Amino acid sequence: MAFGLTWQQLRDLKLSELTDAADGWAALMRRADAARERVDGDMSGKLTKTQESESAESAVKRLKRLSENYHYIQTEAGLIRGALDGLATELIAPQRRLRDALDDVASLGGGLQSQRQRQH
């Protein structure tokens with residue numbers, strides 16, 4: 001399945017919306033990292049230092065899995081953020097060239113139209 005932008009879609013694309021979305025994913029990434037640190041330090045760390053029992057060991061294992069899940073969220077959010085930022089960066093130059101070309105066509109078209117009107 002091929003995906004491509006039409007020139008109209010590229011012309012009208014708001015790259016700031018891509019970077020705003022990337023900022024949202026970056027915020028999620030920071031929240032997941034903070035949650036992982038809380039689980040590791042405030043929960044697992046204290047539980048390991050203060051409790052010695054099978055239930056404490058079981059809880060630490062579950063907290064370790066929760067920490068890994070937060071790490072996964074952080075990593076995936078970072079990948080999405082990077083993809084959105086990269087896409088916005090890659091599309092800046094082509095969009096600028098397209099808009100410049102359309103401006104040139106519009107200015108030439110206006111000149112051609114006035115020439116045609118003078119001829120008739």
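Because the structure is a prediction, the values reported are computed rather than measured. When a residue number appears, it is its place in the shown sequence, counting from 1.
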Side-chain donor-acceptor contacts of residues 81-102 below 3.5 Å, not counting sequence neighbours, with atom names and distances?
| unit_1 | atom_1 | unit_2 | atom_2 | d |
| --- | --- | --- | --- | --- |
| Thr89 | OG1 | Asp85 | O | 2.9 |
| Gln95 | NE2 | Leu10 | O | 2.8 |
| Gln95 | NE2 | Leu13 | O | 2.7 |
| Arg99 | NE | Arg11 | O | 3.1 |
| Arg99 | NH2 | Arg11 | O | 2.6 |

For residues 36-43, which side-chain donor-acceptor pairs fall under 3.5 Å, sequence neighbours excluded?
| unit_1 | atom_1 | unit_2 | atom_2 | d |
| --- | --- | --- | --- | --- |
| Arg36 | NH1 | Asp40 | OD2 | 3.4 |
| Arg36 | NH2 | Asp33 | OD1 | 2.7 |
| Asp40 | OD1 | Ser67 | OG | 2.7 |
| Asp40 | OD2 | Ser67 | OG | 3.3 |

Spatial distance of atom CG (Leu28) from atom CG (Asp23) [nearest 0.5 Å]: 12.5 Å
Residues 49-58 side chain polar contacts: donor-acceptor under 3.5 Å, at least two apart:
| unit_1 | atom_1 | unit_2 | atom_2 | d |
| --- | --- | --- | --- | --- |
| Thr50 | OG1 | Lys46 | O | 2.7 |
| Ser53 | OG | Ser55 | OG | 3.1 |
| Ser53 | OG | Ala56 | N | 3.1 |
| Ser58 | OG | Arg62 | NH2 | 2.9 |

Co-membership, hydrophobic cluster, residues Leu79 and Leu18, 4.5 Å side-chain: no
Tyr70 with Tyr72, same ILVMFWY side-chain cluster at under 4.5 Å: no
Polar side-chain atom of Glu76 near backbone of Ile73 as donor-acceptor pair, under 3.5 Å: no
Nearest heavy-atom neighbours spanning Gln9 and Gly4: OE1-O, 3.9 Å
